[in-house]
Asker: 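One structure coming up, written as structure tokens, with questions to follow.
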Protein chains: 2
Amino acid sequence: MPKNTIPDSETRATAEHAKDLRLWLRMLACTNLIENHVRAKLRSDFDITLPRFDLMSQLERSPQGLKMGELSKRMMVTGGNVTGITDQLVREGLVVREDSPKDRRAYIVKLTAEGRRSFRRMAEAHEGWMVSLFAGMDEKQRDELYDMLAVLKNSAAKVAAKR
Amino acid sequence: MPKNTIPDSETRATAEHAKDLRLWLRMLACTNLIENHVRAKLRSDFDITLPRFDLMSQLERSPQGLKMGELSKRMMVTGGNVTGITDQLVREGLVVREDSPKDRRAYIVKLTAEGRRSFRRMAEAHEGWMVSLFAGMDEKQRDELYDMLAVLKNSAAKVAAKR
DNA sequence: GATGATATTTCGATCCTTAAAATATCAAAA
DNA sequence: TTTTGATATTTTAAGGATCGAAATATCATC
């Protein structure tokens with residue numbers, strides 16, 4: 001067995017570093033591929049953008065409605081941003097701002113009946129796109145991916161949180 | 001053993017569909033977490049945006065330079081977009097447009113010496129961020145993730161390509 | 001040469017996004 | 001009750017990314 005089979009620690013460290021980078025690039029490529037597909041389909045089939053779809057999906061999960069600030073937190077964007085996206089959805093009649101009975105500074109944003117209908121149709125299509133995008137993976141592979149992503153999420157959250 | 005242990009095919013299908021959706025949402029959450037972290041660091045530490053960094057990284061992989069159209073293909077964005085990003089990098093002295101000797105319609109975009117220096121510093125830092133973001137995964141987990149992403153990439157590419 | 005393809009830029013437009021300032025209201029202390 | 005600091009939201013100003021289509025220049029071929 002040749003000596004060089006065992007790399008010195010510096011070589012190994014560098015190789016490991018490069019692996020993390022490749023892993024990230026591959027993950028980014030996958031996500032962009034899927035995300036761009038979804039954006040294009042949302043646009044072409046429903047004439048809506050991803051941020052607007054995301055806001056609606058937050059509201060669907062919270063039928064009692066959410067305050068602007070809560071939306072901002074959940075979507076991890078600034079308040080001004082939520083204002084703009086909400087304005088657009090209000091203009092389209094998909095959500096409403098109701099005055100909060102508890103706090104006159106705040107609004108409670110809710111899906112309208114039409115917004116709910118509209119969202120359900122979109123969500124169904126969205127789920128279908130996912131099924132076809134992931135169709136090349138068998139169940140075991142999908143489970144494995146799901147589990148590994150959980151580990152990654154914890155790992156990355158620790159780092160990203162610091163700031 | 002109760003009968004209902006084995007779900008009927010419709011129930012199973014719906015459950016599987018929902019799983020694909022959850023898988024995607026988890027993946028998206030992970031990627032956004034990391035991507036936002038990277039964007040913020042690139043901005044704060046190097047005053048550069050992700051698309052500009054990406055363009056430079058394409059050039060670093062092709063020291064002979066790339067035509068605008070090649071950049072456009074590799075970055076999966078339109079030509080007009082590449083023009084804008086390139087203009088900015090030229091203004092900052094990080095890349096140059098050289099006339100193609102073969103084709104007077106075309107430019108060959110290359111990193112300048114300063115661009116190369118600058119990119120290397122950024123890439124090193126970038127790799128370090130990746131190492132820390134993935135630090136919570138052991139080697140086996142990272143390999144597993146890497147492999148599953150390869151499967152996913154193939155699967156999704158098949159669907160996304162059709163259009 | 002003429003003509004259809006190709007490489008790039010320009011133009012017009014839409015969106016997302018942020019940070020900071022402005023507004024209104026709340027809640028608690030004085 | 002008045003003041004005061006915190007909170008919820010909007011407004012404003014600015015910067016980019018991004019696209020699609022039209023415009024320009026050049027190529028390559030008939």
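Here the structure is a predicted model, which is why all the values come from computation and not from measurement. Both backbone and side-chain heavy atoms feed into the values below; hydrogens, waters and symmetry mates do not. Residue numbering restarts at 1 for every chain, and letters A, B, ... go by the order of the sequence lines.
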Asker: Given side chain to side chain contact (heavy atoms under 4.5 Å, CB included), test B:Leu149 with A:Leu23 step by step and report yes or no.
Answerer: CA-CA 9 Å; B:Leu149 288 172; A:Leu23 175 50; 3.9 Å; yes
Asker: Quick check on D:dC19: is either OP1 or OP2 less than 4.0 Å from any side-chain nitrogen or oxygen of A:Arg39?
Answerer: no
Asker: Step by step, would you call A:Glu92 with A:Ser118 a side chain to side chain contact (heavy atoms under 4.5 Å, CB included)?
Answerer: CA-CA 11 Å; A:Glu92 291 167 6; A:Ser118 169; over 6 Å; no
Asker: Give a yes or no on whether the backbone of B:Tyr107 and the side-chain of B:Ser100 come within a donor-acceptor separation of less than 3.5 Å.
Answerer: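 Checking the backbone N and O of B:Tyr107 against the side chain of B:Ser100, no donor-acceptor pair under 3.5 Å is found.
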Asker: Measure CG/A:Leu42 against P/D:dT18 and give the value in whole Å, please.
Answerer: 18 Å
Asker: Provide the start and end nucleotides, 5' to 3', of the part of DNA chain C that has atoms under 4.0 Å from heavy atoms of chain A.
Answerer: C:dC15 to C:dC26
Asker: Check this for me, if you would: do B:Arg39 and B:Glu35 make a salt bridge, where the nitrogen-to-carboxylate-oxygen distance has to be below 4.0 angstrom?
Answerer: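 Yes, charged N to carboxylate O under 4.0 Å.
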Asker: Donor-acceptor pair, distance only, cut-off 3.5 Å: does the side chain of A:Arg26 make one with the backbone of B:Tyr146?
Answerer: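 Indeed, once roles are kept as given, a pair shorter than 3.5 Å links the two residues.
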Asker: To the nearest Å, how far apart are B:Ile48 CD1 and D:dG15 C1'?
Answerer: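 Value for this atom pair: 15 Å.
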Asker: Just how far, in rounded Å, is P of D:dG16 from CD of B:Gln88?
Answerer: 6 Å
Asker: Treating A:Thr31 as the side-chain partner and B:Leu28 as the backbone partner, does any N or O pair qualify as donor plus acceptor under 3.5 Å?
Answerer: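 No, because the side chain of A:Thr31 does not come within donor-acceptor range (under 3.5 Å) of the backbone of B:Leu28.
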Asker: Is it the case that more than 12 heavy atoms not belonging to A:Gln64 sit under 6.0 Å from its CD atom?
Answerer: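 Check passes, neighbour count above 12.
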Asker: For DNA chain C, determine which residues of residues 51-80 of chain A have any heavy atom closer than 4.0 angstrom to one of its atoms, and list them numerically.
Answerer: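 By residue number: A:Pro51, A:Arg52, A:Val77, A:Thr78, A:Gly80.
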Asker: Send over the distance from A:Asp99 CG to D:dT10 C1', rounded to a whole Å.
Answerer: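 Distance, rounded to whole Å: 14 Å.
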Asker: Within the side chain of B:Ser155, is there an N or O that forms a donor-acceptor pair under 3.5 Å with the backbone of B:Val151?
Answerer: no
Asker: Look only at the side chain of A:Gln141 and the backbone of A:Asp138, and say whether a donor-acceptor pair between them is shorter than 3.5 Å.
Answerer: yes
Asker: Rounded to whole Å, please give me the gap between CG in A:Asn81 and P in D:dT12.
Answerer: 17 Å
Asker: Taking A:Ser132 for its side chain and A:Trp129 for its backbone only, find out whether a donor-acceptor pair lies under 3.5 Å.
Answerer: yes
Asker: By the 4.0 Å heavy-atom rule, please label A:Thr49 as base, sugar-phosphate, or nothing.
Answerer: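 Since only primed, P, OP1 and OP2 atoms lie under 4.0 Å of A:Thr49, the category is sugar-phosphate.
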Asker: Compare every heavy atom of B:Asp20 with every heavy atom of A:Val131, then report the nearest pair and how far apart it is.
Answerer: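 Nearest heavy atoms, A:Val131 then B:Asp20: CA-OD2, 3.4 Å.
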Asker: How long is the line joining CG of A:Asp87 and C1' of D:dT12, in whole Å?
Answerer: 14 Å
Asker: Going by heavy atoms closer than 4.0 Å, what residues in residues 100-112 of chain B are next to DNA chain D?
Answerer: B:Asp103, B:Arg104, B:Arg105
